[in-house]
Visitor: 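To start, I am sharing the structure in question, which I have written as structure tokens.
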Amino acid sequence: MDIFDFMRTEKSKGDSPLARRLRPKNLDDIVGQEHILGRDKLLYRVIKADKLSSIILYGPPGTGKTSLAMVIANTTSSFFKEINATTSGKKDMEEVVKLAKDNLGMYGKKTILFVDEIHRFNKAQQDFLLPYVEDGTVILIGATTENPYFEVNNALISRSNVFYLKPLSAEDIKVLIKRAVYSEEGMAAYNAEITDEAADFLADMAEGDARHALNAVELGILSTERDEKTGKIIIDLKVAEECIQRRSIRYEKDGDNHYDIISAFIKSMRGSDPDAAVYYLAKMIYAGEDVKFIARRIMICASEDVGNADPNAIVVATACAQAVERVGYPESQIILAQAATYVATAPKSNSVVNAIYSAMDAVKKYGNAHVPDHLRDAHYKGAKELGHTGYKYAHDYPNHYVDQQYLPDNLVDEQFYIPSDNGHEKEIKEWFRKIKGEGTEE
């Protein structure tokens, strides 16, 4: 590093965003994540002992993935290199690998490579790292907001420990807010003060994202006039509300959180909780999710989880899908809410799901099962000679039902559709008992 690099680095420390300046220097400075960084936890112990192996840090934005990597950089005796997958490529990795080989050969020291947003690397780029992770040339720390089991090569995953960083609690974020306002590393030089009410509000609005809260604190301090009496910058509730005009919703249409929210939405409808269903619906609407996508999920749930327990559910859901395409936002949110709450409050049955899956299994097992002769087409010339006779027309019998074989011979005792005791299916079950009892021919 020459004198110019040094001066740029020193200047950037003061000019960098508050969230960056407040990054912890050691393990004891880290706030939250006790489930992986408690003193009795594996990750804490291996970092303390400087015995780290390759790891993947997975979690939402603002939960401390990069901060934890920087703590490791400060505590390890290994060389530490950082690259970002959005701006780096194979050439950058080749340079790191060469450096790592030199470090190992000349100094006997390992090299830790921190790859931020590792999910941005394509398969070939990730594959390039594999042999060097395998032989210990580099120790990989990958950070990602996306589910690594989907976005990171299985070979890299199998050679790494995956640690999930949870969204920070409101109490954790309040600790960081106070540190931001009053610590020397933060903004103590501004002689600012934050009320408990404002700190509570910012911690709640951040929804587990520390960076979001710290950006609001920094904006508030830099944009607020000093109090004439005390000479202090006072961050009260009004200032805090101005700094966060709208709650930041963590939701990307092609991201991991997208699937978590839609999963929770479907499971809430299936679980007959209309309040939860409409909450997750509102979260998707707030984030601008495609109305057609939401409507499709409601239609699927109406058939899969309600089925014939309330046959009208699929009618409502389908009508909703047609209506929202014609209406669009914002009015379509009402239509979506009607359909979602209808499906959530409808009686539930997955009998049709079990029926089709069981039937599909039977088709795979007995794909060439012979259709009974009396059910085969009898309208063409020669059908009678082929034995396509004996079919009993159901409408000629009481209750429009007659007992006869419909399934192939090797499936004759199978029952695929078994109505539940919920909703309309209870009536179906009773109707079957009635007609099958009366329609059986001796």
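Note that the numbering runs from 1 along the sequence shown for the chain.
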Visitor: Evaluate Ile428 against His424 for side chain to side chain contact (heavy atoms under 4.5 Å, CB included), listing each step before the verdict.
Guide: CA-CA 6 Å; Ile428 293 174; His424 180 64; 3.6 Å; yes
Visitor: Could you go step by step and tell me if Arg270 and Glu304 meet the side chain to side chain contact (heavy atoms under 4.5 Å, CB included) rule?
Guide: CA-CA 9 Å; Arg270 178 184 299 142; Glu304 180 178 359; 4.1 Å; yes
Visitor: To the nearest 0.5 Å, what is the distance between CG on Leu42 and CD1 on Ile47?
Guide: 9.5 Å
Visitor: Looking only at heavy atoms, what is the nearest atom pair of Thr111 and Ala100, with distance?
Guide: OG1-CA, 3.3 Å
Visitor: For residues Ile177 and Leu202, report the shortest heavy-atom separation together with the two atoms involved.
Guide: CD1-CB, 3.8 Å
Visitor: Sequence neighbours left out, what passes ring-ring contact (aromatic ring centres under 6.0 Å, His included) with Tyr44? Give chain and number order.
Guide: none
Visitor: For the side chain of Thr345 and the backbone of Tyr342, is there at least one donor-acceptor N/O pair under 3.5 Å apart?
Guide: yes
Visitor: Would you say Gln322's side chain and Ala319's backbone share a donor-acceptor pair under 3.5 angstrom?
Guide: no
Visitor: Is there side-chain contact between Lys283 and Phe265, with at least one heavy-atom pair below 4.5 Å?
Guide: no
Visitor: Check whether any side-chain heavy atom of Ile233 lies under 4.5 Å from a side-chain heavy atom of Val239, and answer yes or no.
Guide: no
Visitor: Report the residues that fulfil ring-ring contact (aromatic ring centres under 6.0 Å, His included) with Phe432, sequence neighbours left out, ordered by chain and then residue number.
Guide: none
Visitor: Have Ser169 and Asp172 got a donor and an acceptor in their side chains that come within less than 3.5 Å?
Guide: yes
Visitor: Check the surroundings of atom OH in Tyr406: do more than 12 heavy atoms from other residues, nucleotides or ligands lie under 6.0 Å from it?
Guide: yes
Visitor: Kindly check if the number of other-residue, nucleotide or ligand heavy atoms within 6.0 Å of CD (Gln338) is above 12?
Guide: no
Visitor: State the OG-CG distance between Ser349 and Asp310, to the nearest 0.5 angstrom.
Guide: 11.0 Å
Visitor: Is it the case that the side chain of Gln126 and the backbone of Asn153 share a donor-acceptor pair, with hydrogens and angles ignored and the cut-off at 3.5 Å?
Guide: yes
Visitor: Examine distances only and state if a side-chain atom of Lys65 and a backbone atom of Pro60 form a donor-acceptor pair shorter than 3.5 Å.
Guide: yes
Visitor: Thinking salt bridges, do Lys174 and Asp204 make one under a 4.0 Å N-O criterion?
Guide: no
Visitor: Checking Thr63 side chain against Lys166 main chain: does a donor-acceptor pair fall under 3.5 Å?
Guide: no
Visitor: Measure across Ala344 and Pro274 and return the closest heavy-atom pair with its distance rounded to 0.1 Å.
Guide: CB-CA, 3.8 Å
Visitor: Could you grab the distance from atom CD1 of Ile139 to atom CZ of Phe80, nearest 0.5 Å is fine?
Guide: 11.0 Å
Visitor: Apply side chain to side chain contact (heavy atoms under 4.5 Å, CB included) to residues Thr224 and Ile234 and explain how you reach the verdict.
Guide: CA-CA 8 Å; Thr224 303; Ile234 307 297; over 6 Å; no
Visitor: How far does OH of Tyr417 sit from CD1 of Ile356, to the nearest 0.5 angstrom?
Guide: 13.0 Å
Visitor: What is the distance from atom CG of Asp275 to atom OG1 of Thr341, rounded to the nearest 0.5 Å?
Guide: 10.0 Å
Visitor: Using a strict cut-off of less than 4.0 Å between a Lys/Arg side-chain nitrogen and an Asp/Glu carboxylate oxygen, indicate whether Asp290 and Lys292 qualify as a salt bridge.
Guide: yes
Visitor: In chain order, what residues pass the side-chain hydrogen bond (donor to acceptor under 3.5 Å, both in side chains) check against Lys90, with sequence neighbours excluded?
Guide: none
Visitor: Under a 3.5 Å cutoff, is there a donor and acceptor pairing between the side chains of Ser272 and Lys348?
Guide: yes
Visitor: So, does Asp227 use its side chain to make a donor-acceptor pair with the main chain of Thr230 at under 3.5 Å?
Guide: yes
Visitor: Quick check on side-chain contact (heavy atoms from CB on, under 4.5 Å): which of Pro17, Ser183, Ser67 does Leu22 satisfy it with?
Guide: Ser183
Visitor: So, do Leu68 and Leu57 sit near enough that their side-chain heavy atoms are less than 4.5 Å apart?
Guide: yes
Visitor: Report yes or no: does Asn308 contribute a side-chain atom to a donor-acceptor pair with the main-chain N or O of Glu425 at less than 3.5 Å?
Guide: no
Visitor: Is a salt bridge present between Asp361 and Lys365, judged by a nitrogen-to-oxygen distance below 4.0 Å?
Guide: no
Visitor: Does any part of the side chain of Val324, heavy atoms only, come nearer than 4.5 Å to the side chain of Ile294, both counted from C-beta?
Guide: no
Visitor: Less than 4.5 Å apart, any side-chain heavy atom of Phe114 and any of Met70?
Guide: yes
Visitor: Where do Arg376 and His370 come nearest, in terms of heavy atoms and distance?
Guide: NH1-CE1, 3.5 Å
Visitor: Is there a salt bridge (charged side-chain N to carboxylate O under 4.0 Å, His left out) between Arg39 and Asp28? Walk through the geometry before answering.
Guide: CA-CA 10 Å; Arg39 291 180 179 272; Asp28 295 328; 3.2 Å; yes
Visitor: What are the two closest heavy atoms between Asp29 and Arg179, and how far apart are they?
Guide: O-NH1, 3.0 Å
Visitor: Do Asp92 side-chain atoms and Gly89 backbone N/O form a donor-acceptor pair below 3.5 Å?
Guide: yes
Visitor: Should Phe121 and Met93 count as side-chain neighbours, where that means a heavy-atom distance under 4.5 Å?
Guide: yes
Visitor: Any side-chain heavy atom of Leu336 sitting closer than 4.5 Å to one from Cys320?
Guide: yes
Visitor: Step by step, work out the side chain to side chain contact (heavy atoms under 4.5 Å, CB included) result for Thr76 and Ile112.
Guide: CA-CA 9 Å; Thr76 184; Ile112 294 176; 3.7 Å; yes
Visitor: Side chain of Glu146, backbone of His119: donor and acceptor closer than 3.5 Å?
Guide: no
Visitor: Ignoring hydrogens, what is the shortest heavy-atom contact between Ser77 and Asp50? Give both atom names and the distance.
Guide: OG-OD2, 2.6 Å
Visitor: Check whether any side-chain heavy atom of Ile36 lies under 4.5 Å from a side-chain heavy atom of Leu165, and answer yes or no.
Guide: yes
Visitor: Might you confirm whether atom CD of Glu414 has over 12 heavy atoms from other residues, nucleotides or ligands at distances under 6.0 Å?
Guide: yes
Visitor: Would the number of heavy atoms belonging to other residues, nucleotides or ligands and lying under 6.0 Å from NZ of Lys429 be above 12?
Guide: yes
Visitor: Under the 3.5 angstrom rule, does the side chain of Tyr182 hit a backbone N or O of Ile194 as a donor-acceptor pair?
Guide: yes
Visitor: Report the distance from atom CG of Leu104 to atom CG of Asp135, rounding to the nearest 0.5 Å.
Guide: 9.0 Å
